[in-house]
Number of protein chains: 2
Amino acid sequence: MITANDHQDVKKEKILEAAHHRFLHFGYSKTTMNEIAGDLSMSKALLYYYFPDKSQLYVAVMRKVADGYLKSLTDRINTFADLKEAFIFQIDTQHEFIVTNYNFFDFFRLNEQNLPDAIWEIVTQVHESETHMLVSAIKTEVDRGKIKPVANPTEIVELLLDALHGVRVKSVSHKKTMFPNKEHLEEIRSKRLLLADIFIKGLMY
Amino acid sequence: MITANDHQDVKKEKILEAAHHRFLHFGYSKTTMNEIAGDLSMSKALLYYYFPDKSQLYVAVMRKVADGYLKSLTDRINTFADLKEAFIFQIDTQHEFIVTNYNFFDFFRLNEQNLPDAIWEIVTQVHESETHMLVSAIKTEVDRGKIKPVANPTEIVELLLDALHGVRVKSVSHKKTMFPNKEHLEEIRSKRLLLADIFIKGLMY
DNA sequence: TCCTGACTTTTTTAACAAAACTATCAATTT
DNA sequence: AAATTGATAGTTTTGTTAAAAAAGTCAGGA
């Protein structure tokens with residue numbers, strides 16, 4: 001049977017969808033509670049019945065979005081033929097995640113320094129999940145005797161992630177466009193793959 | 001004998017020094033032409049006699065600052081015992097350059113997207129000089145038979161520079177402070193050295 | 001040629017009202 | 001009781017305008 005709580009969950013889900021749609025297309029600051037309510041033909045007050053305020057609604061959407069990403073990572077952990085495949089997967093998956101949610105993340109660029117704790121937790125969790133996946137891949141590779149034993153795999157993975165991040169930042173700041181186009185994205189990707197390649201060789205015997 | 005042009009140059013030099021001092025301590029937007037003139041006990045109008053406007057005065061100072069940096073690079077080119085030494089030199093020199101001129105560069109952060117062409121030229125020149133130094137170091141290392149021949153050394157160097165940049169960006173955004181402190185700087189440096197280390201190994205046979 | 005004081009123009013700042021938006025709540029419907 | 005809303009209070013953003021500050025010009029003097 002359908003309980004009251006189930007019904008609430010369904011409604012919350014509808015709200016999350018509508019909110020996600022707005023946030024994704026217009027960004028956080030350019031979508032109003034009225035608009036989200038309007039999309040669902042409900043009153044704004046009802047949104048506040050289900051969610052305490054706008055930023056916590058955003059966090060809830062972020063939670064959902066992040067969960068999808070986390071799932072795509074955990075689904076593939078320990079399924080890689082070698083370390084390179086793991087790195088490529090990380091590069092492509094993260095890249096797609098960021099590109100498809102670009103406007104949604106304007107909340108981050110907006111609040112730059114002081115993001116809500118709840119957001120930081122999600123960001124941290126995502127980062128840990130990425131790291132965990134790659135650390136696992138490194139350990140496997142070590143076990144297979146393909147690369148040297150690594151004293152601190154986490155440190156190594158985070159170093160590579162920072163480095164990969166730099167490839168994007170620099171690429172974007174060099175061209176002056178904020179939103180990179182197709183060829184540009186492909187350039188970033190190939191640079192990253194090259195970096196990952198050299199990096200892996202640097203871990204070998 | 002002292003010609004009129006010499007005299008102009010001397011005076012321009014004085015102005016550049018005073019301007020540099022102000023820009024360095026208070027940033028571009030927080031220093032006025034009146035203040036620079038005041039420091040030199042001259043009238044503001046005289047500044048405009050020597051420099052067409054404020055931004056071109058800034059560019060001239062930038063030119064001087066950059067020249068100092070360029071010289072420190074060219075002085076050491078082809079003097080490195082090995083590739084690692086060259087990378088370490090690049091890391092440390094650039095790092096010190098940025099730290100000691102931090103406020104001076106607020107002009108960059110201010111105008112973010114549309115810097116004057118003259119500034120872009122300088123930035124490009126600096127970047128090319130850094131790249132050239134490291135490319136040269138790579139070629140030497142190849143000649144010595146220490147690393148594999150590299151099809152496109154410039155591409156490799158730029159990749160490393162991007163990656164090193166990422167280490168700083170990420171480190172800074174992770175901690176929430178904009179201006180990193182001593183230990184923080186040391187952490188960035190050690191991460192970069194580690195990255196350079198792995199990178200070099202990745203270029204070996 | 002070098003320099004200045006006085007002047008004009010442009011940009012930044014401050015104050016404040018209007019508008020837009022977030023958030024609340026008593027009242028109403030299901 | 002749970003779900004919903006219109007009306008409204010409170011807050012932030014935006015627009016307006018006047019004053020202040022700074023950039024930039026110029027006629028004229030040493």
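We name chains A, B, ... by the order of the sequence lines, and we start the count at 1 in each one. Owing to the predicted nature of the structure, the values given are computational and were not obtained by experimental measurement. Any value given below was found using the heavy atoms of this structure, including those in side chains, with hydrogens, waters and symmetry copies removed.
As judged by a 4.0 angstrom heavy-atom cut-off over every strand, A:Y50 is placed among residues touching the sugar-phosphate backbone only.
Atom CG in B:L47 sits about 13 Å away from atom C1' in C:dC2, given to the nearest Å. Atom P of nucleotide D:dG24 and atom CG of B:L57 are separated by 10 Å, given to the nearest angstrom. Note: CD (A:Q56) to P (C:dT22) measures 15 Å, nearest angstrom. For the pair A:Y48 OH and D:dG6 C1', the interatomic distance rounds to 15 Å; values are reported in whole Å. Taking atom CZ on B:F51 and atom P on D:dG24, their separation rounds to 14 Å, with Å as the unit. Rounded to whole Å, the distance from CG on A:D53 to C1' on C:dC25 is 17 Å. Taking atom CG on B:L46 and atom P on C:dA6, their separation rounds to 17 Å, with Å as the unit. Atom NZ of A:K12 is separated from atom P of D:dA3 by 11 Å (rounded to the nearest Å).
B:F104 and B:Y58 have their aromatic ring centers within a separation under 6.0 angstrom.
Atom CD1 of residue A:I200 and atom NZ of residue A:K146 lie 9.5 Å apart, to the nearest 0.5 angstrom. One finds the CG atom of B:D53 at 7.5 Å from the CE atom of B:M33 (value rounded to the nearest 0.5 Å). The distance from the CG atom of B:L203 to the CD atom of B:E141 is 9.5 Å, given to the nearest 0.5 Å.
Nearest-nucleotide positions on DNA chain D for B:K54 and A:K11 put A:K11 closer to the 5' end.
Between B:N78 and B:S136, the side chains place a donor N or O and an acceptor N or O closer than 3.5 Å (distance only, hydrogens not considered).
The salt bridge (charged side-chain N to carboxylate O under 4.0 Å, His left out) test with A:D162 singles out one residue from B:R192, B:K170, B:K191, and that residue is B:K191.
A salt bridge does not link B:E35 with B:K30: every distance from a Lys NZ or Arg NE/NH1/NH2 to an Asp or Glu carboxylate oxygen is 4.0 Å or more. The existence of a salt bridge linking B:K201 and B:D197 is confirmed by a sub-4.0 Å separation between a basic side-chain nitrogen and an acidic carboxylate oxygen.
Within the structure, a side-chain polar atom (N or O) of A:Y49 is placed less than 4.0 Å from OP1 or OP2 of D:dA3.
Stacking of A:K54 on the aromatic ring of A:Y28 is recorded, both the 6.0 Å distance cut-off and the 45° axial limit being met.
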Nucleotide N/O to protein N/O under 3.5 Å, stretch nucleotides 9-14 of chain C:
none

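Listed in residue order, the members of residues 31-45 of chain A having a heavy atom less than 4.0 Å from DNA chain C are A:T31, A:T32, A:M33, A:K44, A:A45.
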Could you check B:Q125 against B:R63 for side-chain hydrogen bond (donor to acceptor under 3.5 Å, both in side chains), going step by step and ending with a plain yes or no?
-> CA-CA 10 Å; B:Q125 193 188 354; B:R63 179 76 266 166; 2.7 Å; yes

Kindly express the pairing pattern of DNA chain D in dot-bracket notation, using | wherever a base pairs with another strand and counting only Watson-Crick or G-U pairs under 3.5 Å.
-> ||||||||||||||||||||||||||||||

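Heavy-atom neighbours of B:K84 NZ from other residues, nucleotides or ligands within 6.0 Å: at or below the threshold of 12.
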